[in-house]
Amino acid sequence: MKRELVAIALGFFSFAGTLILTPSGQTHGSGTNRAGEAGTSVEAAERIMGSGHFFSTERVVVALEPFARNASISVPRLPDSHVVPYSESTLRAHADGNWLLFWDPGFSLSELFQMFGSDPKSQPCFYNNVWWQIYGRSVGKLRTEQGYVLVRVKGMFETLSWGEQEVALSSLGRGYYRAPTSTITNAVFVTYLLNGGERSLDLTYHWGPEAVGNDAHIGIGDFVSTGLGVYVWPNSTRTARLAVSVARGPDF
């Protein structure tokens, strides 16, 4: 049953050689603490979210450092601040087991591919479909700001087209946005490394904000033992497996 949506995605790529890739929608980064020490301490954040749903800067860097060094990619520098840019009340409202608070290291898809490769014998890894490295170089190079971000990796608004998902997303209120694909990819790999091989997006896909041409967007998912898939779907696609991983902007 592997890649049941591939026919839709690859069928759309009949004109792949002429693709124009641009980010669209709200693709701001993970949010950084721009208000001094305003926010919640790391200790309080972990207590509220739980250790399996909070990955601090130190834990993320330690987990990713060996992979980055092996790929000759610069290891992120630890920030001076040890404060999470969300209020305790915001964290409590999202501590239902569906949300993850983690430090996004900002690695792009291309950097993550260099770090993890596509060999199923070495987990975690990407699925070996390389279209996005050939035609999707612009998307592959997109990075986000390093910093803490609240994300609901488990998708919402499935069975809707991309435009319908945008309308539904707006109903959540100000501050919520469609998470950048690289942010969710970082979250998926970090979760696997720090939560004992837990596979987020193993049955579903996150439909990201990065546009491919005029009427399609990139997506990732189906994260099983053969690797995390990276695909593109026309905006009119509707399926129960294509959803939105939502991010919540910082309070400070």
Quiz item: For Phe107 and Leu64, what are the C-alpha separation, side-chain angles and deciding distance, and is it a side-chain contact (heavy atoms from CB on, under 4.5 Å)?
Solution: CA-CA 10 Å; Phe107 289 127; Leu64 294 179; 3.9 Å; yes
Quiz prompt | Sequence neighbours excluded, every pair satisfying salt bridge (Lys or Arg N to Asp or Glu O under 4.0 Å) that has a member inside residues 180-202 | solution = none
Quiz item: Who passes side-chain hydrogen bond (donor to acceptor under 3.5 Å, both in side chains) against Asn235, sequence neighbours left out?
Solution: His217
Self-check item: Residues Ser182 and Thr185: side-chain donor-acceptor under 3.5 angstrom
Solution: no
Please set out all donor-acceptor pairs under 3.5 angstrom arising from side-chain atoms of residues 66-75, sequence neighbours excluded.
unit_1: Arg69; atom_1: NE; unit_2: Glu65; atom_2: OE2; d: 2.9
unit_1: Arg69; atom_1: NH2; unit_2: Glu65; atom_2: OE2; d: 2.8
unit_1: Asn70; atom_1: ND2; unit_2: Pro66; atom_2: O; d: 3.2

Exercise. Considering non-hydrogen atoms only, spot the tightest contact between Tyr86 and Gly249 and give its length.
Key: CE2-O, 3.1 Å
Quiz item: Do the non-hydrogen side-chain atoms of Asp104 and Val151 ever get within less than 4.5 Å of each other?
Solution: no
Quiz item: Do Trp103 and Pro79 have side-chain heavy atoms sitting under 4.5 Å apart?
Solution: yes
Quiz item: How about Val153 and His206: do any of their side-chain heavy atoms sit closer than 4.5 Å?
Solution: no
Self-check item: Sequence neighbours excluded - salt bridge (Lys or Arg N to Asp or Glu O under 4.0 Å) pairs with any residue from residues 228-239
Solution: Glu164-Arg238
Quiz item: Under a 4.5 Å cut-off applied to non-hydrogen side-chain atoms, are Leu150 and Leu91 in contact?
Solution: yes
Practice problem: Tell me yes or no: between the side chains of Thr239 and Tyr205, is some donor less than 3.5 Å from an acceptor? | Solution: no
Practice problem: For Pro120, enumerate each residue passing the side chain to side chain contact (heavy atoms under 4.5 Å, CB included) test, keeping only those at least two apart in sequence or located in another chain. | Solution: Gln123
Exercise. Return the set of residues passing side-chain hydrogen bond (donor to acceptor under 3.5 Å, both in side chains) with Ser51 (not counting sequence neighbours), or none when no residue passes.
Key: none
Quiz prompt | Check: Arg178/Gln165 side-chain N/O donor and acceptor closer than 3.5 Å | solution = yes
Self-check item: Connected via hydrophobic side-chain network under 4.5 Å: Val244 and Val167
Solution: no
Quiz prompt | Flag for Ser89-Ser87: side-chain donor and acceptor within less than 3.5 Å | solution = yes
Quiz item: salt bridge (Lys or Arg N to Asp or Glu O under 4.0 Å): which pairs involve residues 83-95, sequence neighbours left out?
Solution: Glu88-Arg92
Quiz item: Hey, does Thr226 have a side-chain heavy atom less than 4.5 Å from the side chain of Ser118?
Solution: no
Self-check item: With Phe126 via ring-ring contact (aromatic ring centres under 6.0 Å, His included) - residues at least two apart
Solution: Phe113, Trp132, Phe189
Quiz item: Counting N and O atoms only, with roles assigned by atom type, does the side chain of Ser171 sit under 3.5 Å from a partner on the main chain of Ala168, one being a donor and the other an acceptor?
Solution: yes
Quiz item: Is the shortest heavy-atom distance from the side chain of Leu228 to the side chain of Cys125 under 4.5 Å?
Solution: no
Quiz item: Under 4.5 Å between any side-chain heavy atoms of Ile220 and Ile184, yes or no?
Solution: yes
Self-check item: Considering all heavy atoms, the nearest Trp233-Gly219 contact
Solution: CZ3-CA, 3.4 Å
Quiz item: Does the distance from a Lys or Arg side-chain N to an Asp or Glu carboxylate O, for Glu111 and Lys141, drop under 4.0 Å?
Solution: no
Self-check item: Side-chain heavy atoms of Phe55 within contact of Leu101, under 4.5 Å
Solution: no
Practice problem: With sequence neighbours excluded, give me every salt bridge (Lys or Arg N to Asp or Glu O under 4.0 Å) pair touching residues 43-63. | Solution: none
Quiz item: Can you name the side-chain hydrogen bond (donor to acceptor under 3.5 Å, both in side chains) partners of Thr181, sequence neighbours left out?
Solution: Glu210
Self-check item: Counterpart residues, side chain to side chain contact (heavy atoms under 4.5 Å, CB included), relative to Leu172 (two or more places apart)
Solution: Met156, Phe157, Leu169, Tyr176, Val246
Quiz item: Does Asn98 have any side chain to side chain contact (heavy atoms under 4.5 Å, CB included) partners at least two apart in sequence or in another chain, and if so, which?
Solution: Asp96, Arg152, Lys154
Quiz item: Would Thr191 and Leu100 count as a side-chain contact (heavy atoms from CB on, under 4.5 Å) if you check the C-alpha gap in whole Å, the side-chain angles of each, and the deciding distance to 0.1 Å?
Solution: CA-CA 9 Å; Thr191 298; Leu100 169 70; 3.7 Å; yes
Quiz item: Can you check side-chain contact (heavy atoms from CB on, under 4.5 Å) on Leu112 and Asn186, steps first, answer last?
Solution: CA-CA 8 Å; Leu112 289 168; Asn186 277 287; 3.5 Å; yes
